[in-house]
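Computation of the quantities below employed the complete heavy-atom set of this structure, encompassing side-chain atoms and omitting hydrogens, waters and symmetry-equivalent molecules. Numbering starts at 1 and runs along the sequence shown.
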Amino acid sequence: MKTIGIIGGLGPESTADYYREIIAAYNAKHSGLAYPEIIIFSVRFNTFLQLIDAQQWDQLTELLLDKVCALQRAGADFAVIASNTPHIVFTELEARSPIPLLSIVESTCTKARELGLKKVGLLGTQLTMATDFYQKPFHAHGISVVVPTPEEQGLIHRRIFSEIELGIFKDSTRNELLVIIKRMVEEEGIDGLILGCTELPLILTEASYGIPFLNTAAIHCDSIISYTS
């Protein structure tokens, strides 16, 4: 059994969700109280946000590499980042990592291919929606990625950081997000939706409008369990 290393705290709500998901998924596959060994390094969220806001990608890579190395020293056999946005530097981080890393983006892309999706919407932080680290692997497999309008992106980003990251889940915010998704279905013709922020599944708990919602956190956790076993 491999020991799992998790870079968490980006934010705490989704890190706690990862722990619960991994334990539940592992227990479903093994009899008795057989749980995996998990090491979590919870990063200072404000430091991470400062690097993101300043677009200091080299420093962000160094920060994450430092945590990966700490996880390795603690006994982790492989590591994951329990967040979508830091995957903007995943390629650079993976190249320097002393242990294998599992990508949330690649895991989600694999799931989309299994479902036969051809055109997916992407919701997440401003950085996730505005950059191409999600688009690249999806486009390589013939799947188009559609993002909300700039105004919609701004609203989603504000709600994530002023509410959802803080564990605040309002019906009004859920309805705002569903209105955006409905427009993307009707106007953009998306056949699936990537919940590209690991906190979004905490408020968008059910799929709507006849398309699958890809819970990136749950998909990532399934990949973790497969790799561990």
Answer yes or no: is there a side-chain heavy-atom contact under 4.5 Å between Tyr18 and Ile38?
no
Do Leu178 and Leu214 share a hydrophobic cluster, counting only Ile, Leu, Val, Met, Phe, Trp and Tyr and linking them when any side-chain heavy atoms are less than 4.5 Å apart?
yes
So, do Leu193 and Tyr209 sit near enough that their side-chain heavy atoms are less than 4.5 Å apart?
no
From His157 NE2 over to Leu155 CG, what is the distance, rounded to the nearest 0.5 angstrom?
11.5 Å
Hey, any chance Met1 and Tyr19 share a hydrophobic cluster, counting ILVMFWY side chains that come within less than 4.5 Å of each other, even indirectly?
yes
Would you check if the side chain of Gln153 reaches a backbone N or O of Pro148 as a donor-acceptor pair within less than 3.5 Å?
yes
Apply side chain to side chain contact (heavy atoms under 4.5 Å, CB included) to residues Met184 and Leu123 and explain how you reach the verdict.
CA-CA 11 Å; Met184 295 176 75; Leu123 269 58; 4.1 Å; yes
Single-linkage hydrophobic cluster Leu200~Ile168, side-chain heavy atoms < 4.5 angstrom
no
Can a side-chain donor-acceptor contact be found between Ser83 and Thr198 if the only test is distance below 3.5 angstrom?
no
Report yes if the side chains of Glu13 and Ile164 come closer than 4.5 Å at any heavy-atom pair, otherwise no.
no
So that I know where these two stand, are Tyr227 and Phe78 an aromatic pair - ring centroids less than 6.0 Å apart?
yes
Could you check whether the rings of Phe161 and Phe45 sit parallel, tilted or perpendicular, using 30° and 60° as the cut-offs?
parallel
Looking at side-chain heavy atoms only, is the closest gap between Ser226 and Lys29 below 4.5 Å?
yes
About how many Å separate OG1 of Thr15 and CD of Glu199, when rounded to the nearest 0.5 Å?
7.5 Å
Inspect the surroundings of CD in Gln59 and state if more than 12 heavy atoms from other residues, nucleotides or ligands are less than 6.0 Å away.
yes
Are Arg96 and Thr61 packed together at the side-chain level, in the sense that at least one heavy-atom pair is separated by less than 4.5 angstrom?
yes
Cluster question for you: counting only ILVMFWY and a side-chain heavy-atom cut-off of under 4.5 Å, with indirect links fine, are Tyr134 and Leu115 together?
yes
To the nearest 0.5 Å, how far apart are OG in Ser208 and NZ in Lys182?
11.0 Å
To the nearest 0.5 Å, atom NZ of Lys67 lies from atom CD1 of Ile6 at 16.0 Å
Is there a donor-acceptor pair under 3.5 Å between the side chain of Thr3 and the backbone N or O of Asp77?
no
Expected output: side-chain Thr131 to main-chain Leu127 donor-acceptor under 3.5 Å:
yes
Working to the nearest 0.5 angstrom, can you tell me the gap between Lys111 NZ and Ile219 CD1?
6.5 Å
Taking every heavy atom of Leu195 against every heavy atom of Asn84, the minimum-distance pair comes out as O-ND2, 4.2 Å
What is the distance from atom CD of Glu106 to atom CZ of Phe138, rounded to the nearest 0.5 Å?
8.5 Å
So does Ile104 get a backbone contact from the side chain of His87, meaning a donor-acceptor N/O pair under 3.5 Å?
yes
Kindly give the heavy-atom pair with the smallest separation between Thr173 and Arg159, and that separation in Å.
OG1-CD, 3.5 Å
Using every non-hydrogen atom in the two residues, find where Ile190 and Val120 come nearest and quote the distance to one decimal.
CG2-C, 3.9 Å
Sole residue of Glu188, Glu176, Glu151 in salt bridge (charged side-chain N to carboxylate O under 4.0 Å, His left out) with Arg183:
Glu188
Hey, are the side chains of Val68 and Pro98 touching, using non-hydrogen atoms and a 4.5 Å cut-off?
yes
Among Asp66, Leu63, Leu71, Val80, find the residue that satisfies the side chain to side chain contact (heavy atoms under 4.5 Å, CB included) test when tested with Ile7.
Leu71
Is any side-chain heavy atom of Leu117 less than 4.5 Å from a side-chain heavy atom of Ile211?
no
Heavy atoms only: give me the nearest Gly124-Cys197 pair and the separation to one decimal.
CA-CB, 4.0 Å
Which heavy-atom pair separates Ala82 from Ser14 by the least distance, and what is that distance?
O-OG, 3.5 Å
Same cluster (ILVMFWY, side-chain, under 4.5 Å), Trp57 and Met129:
yes
Nearest heavy-atom approach of Ile4 to Ala76 is C-CB, 4.3 Å
Check step by step if side chain to side chain contact (heavy atoms under 4.5 Å, CB included) holds for Gln135 and Val147.
CA-CA 10 Å; Gln135 281 84 343; Val147 296; 3.9 Å; yes
